[in-house]
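Okay, so here's the structure we're looking at.
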Protein chains: 2
Amino acid sequence: MPALGEIFRRYGYEGASIARITEETGLGKGSLYNFFPGGKEEMTEAVLADIHRWFEENIYRPLETQEPDAAIRQMFEGVSAYFQSGRRICLVGALALEETRNRFSAEVAHYFHRWLEALSAYFRRKGALPAQAKEIASYMIAGIQGAIIMARATNDVSQFPAILKMLEANCDKSCRA
Amino acid sequence: MPALGEIFRRYGYEGASIARITEETGLGKGSLYNFFPGGKEEMTEAVLADIHRWFEENIYRPLETQEPDAAIRQMFEGVSAYFQSGRRICLVGALALEETRNRFSAEVAHYFHRWLEALSAYFRRKGALPAQAKEIASYMIAGIQGAIIMARATNDVSQFPAILKMLEANCDKSCRA
DNA sequence: GTCTATACAGTGATAGAC
DNA sequence: GTCTATCACTGTATAGAC
């Protein structure tokens with residue numbers, strides 16, 4: 001399952017052909033369609049669900065339950081580790097851009113709304129007004145997504161941690177304001 | 001040519017089939033291959049070159065030649081208009097994510113490096129140290145790219161101008177510091 | 001220059017042997 | 001459960017008529 005996710009990340013939805021999937025997973029076509037009768041679409045949904053589970057457990061929930069300072073640090077550390085400092089792309093963000101005929105728009109929207117919700121709660125706990133909290137949260141998530149693009153586009157991984165560091169610093173500033 | 005770009009933006013590189021291109025441009029296959037003997041790859045390169053020309057003229061050059069305050073305002077206004085407040089995606093950013101076997105990585109890198117260069121120059125003119133200027137520039141471009149993702153992913157166009165507004169405000173703050 | 005017809009590799013998907 | 005063989009279809013690309 002993680003292997004499946006990696007293939008979609010590398011080649012995108014359209015680029016991840018069944019042939020490539022059989023090749024990299026070692027499973028035959030028959031096996032794949034036995035596991036996922038719905039084909040590639042079902043595989044993608046399973047991968048997205050898997051990703052959502054991971055973020056729920058490692059990012060969203062800690063953001064809501066842990067003590068604020070630890071919570072936000074864990075988010076930045078977790079995200080940085082997950083995206084391997086920008087070497088690994090965000091599959092959900094990529095799907096949002098290609099938007100393969102809106103097939104997964106519900107899952108994509110859910111992922112980002114949930115992240116927005118958890119991060120907004122953090123900023124509210126730090127004393128921000130609800131409307132402001134949501135704006136800052138949106139700004140932060142956008143920055144993370146953009147950091148991945150910058151790192152990939154310029155072939156310079158150092159861009160990712162540099163941007164995340166500035167985001168985190170901006171986090172503190174917004175909270176104190 | 002603008003139509004061609006729009007098709008790539010809508011469907012991505014892999015999703016933009018020749019059939020769809022003939023359909024939406026009204027040109028037959030023969031005509032397309034007459035204009036672009038290299039096929040889809042050559043079409044993409046032509047579109048990327050066209051995009052680069054537009055940014056060079058409307059974003060990069062004004063950033064470098066105009067009076068600083070007007071320059072940065074024109075960048076944010078130009079970018080906002082170009083991406084239609086997040087309704088339209090950045091083809092170059094999308095290619096950076098899918099990275100269709102690194103076929104266009106040179107063009108993609110060039111686009112972002114040129115933008116970084118022009119924006120860094122602006123921050124230097126506003127008094128930032130060279131290293132800082134480049135970091136802030138990278139941060140800003142990442143924010144813009146991320147804003148597109150957020151607007152698309154959440155199906156909420158208002159995210160885009162909200163994030164750009166915060167970026168622009170942060171611009172001023174960075175300059176005064 | 002543009003269109004129609006077509007070549008042929010590659011796509012997702014299914015059926016049947018083991 | 002897994003693999004092999006094969007299906008119908010779509011993909012890019014080319015050749016030739018107008």
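Quick caveat: nothing in here was measured; it's all calculated off a predicted structure. Per chain, numbering begins at 1; letters A, B, ... match sequence-line order.
Contact record, Leu167(A) with Ile144(A): CD1-N, 3.7 Å, taken as the closest heavy-atom pair.
Inter-axis angle, ends of the helix from dG1(C)-dC18(D) to dC18(C)-dG1(D), five pairs per end, rounded to 10 degrees: 0°.
In this structure, Asn34(A) atom CG and dT4(D) atom C1' are separated by 15 Å, rounded to whole Å. dT12(D) atom P lies 11 Å from atom CZ of Arg103(B), rounded to whole Å. Residue Phe36(B) contributes atom CZ, which lies 13 Å from atom P of dG1(C) at whole-angstrom precision. Separating the CG atom of Leu27(B) from the P atom of dT4(C) is a distance of 12 Å, rounded to the nearest angstrom. One interatomic measurement links the two molecules: CD of Glu23(B) to P of dT2(C), which rounds to 19 Å at whole-angstrom precision. In this structure, the CG atom of Leu32(A) is 14 Å from the P atom of dT11(C), given to the nearest Å.
For Glu41(A), the salt bridge (charged side-chain N to carboxylate O under 4.0 Å, His left out) partners at least two apart in sequence or on another chain are Arg103(A). Not a single ring pair (Phe, Tyr, Trp, His ring centres under 6.0 Å) links His113(A) to another residue, sequence neighbours left out. Partners of Lys134(A) by side-chain contact (heavy atoms from CB on, under 4.5 Å), not counting sequence neighbours, listed by chain and number: Ser120(A). Shown here are the salt bridge (charged side-chain N to carboxylate O under 4.0 Å, His left out) partners of Arg9(A), two or more places apart in sequence or in another chain: Glu6(A).
Sorted by first then second residue, the ring pair (Phe, Tyr, Trp, His ring centres under 6.0 Å) pairs that include residues 117-144 of chain B, not counting sequence neighbours, number zero.
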Determine all donor-acceptor pairs shorter than 3.5 Å in which one atom belongs to a side chain in residues 56-64 of chain B; sequence neighbours excluded.
unit_1	atom_1	unit_2	atom_2	d
Glu56(B)	OE1	Arg114(B)	NE	3.1
Glu56(B)	OE2	Arg114(B)	NE	3.4
Glu56(B)	OE2	Arg114(B)	NH2	2.8
Tyr60(B)	OH	Tyr111(B)	O	3.3
Glu64(B)	OE1	Arg114(B)	NH2	3.1
Glu64(B)	OE2	Arg114(B)	NH1	3.3

Run the side-chain donor-acceptor check on residues 66-74 of chain B: report pairs under 3.5 Å with partners two or more places apart or on a different chain.
unit_1	atom_1	unit_2	atom_2	d
Gln66(B)	NE2	Gln74(B)	OE1	3.1
Glu67(B)	OE2	Asp69(B)	N	3.4
Asp69(B)	OD1	Lys126(B)	NZ	3.2
Arg73(B)	NH2	Glu77(B)	OE2	3.2

How does protein reach along nucleotides 12-18 of chain C, written 5' to 3' as B (base within reach of a heavy atom under 4.0 Å), S (only sugar-phosphate), or - (no contact)?
BBB----

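Using a 4.0 Å heavy-atom cutoff across all strands shown, Gly15(B) reaches no nucleic acid atom at all.
The phosphate of dC3(D) (OP1 or OP2) has a side-chain N or O of Ser31(A) nearer than 4.0 angstrom.
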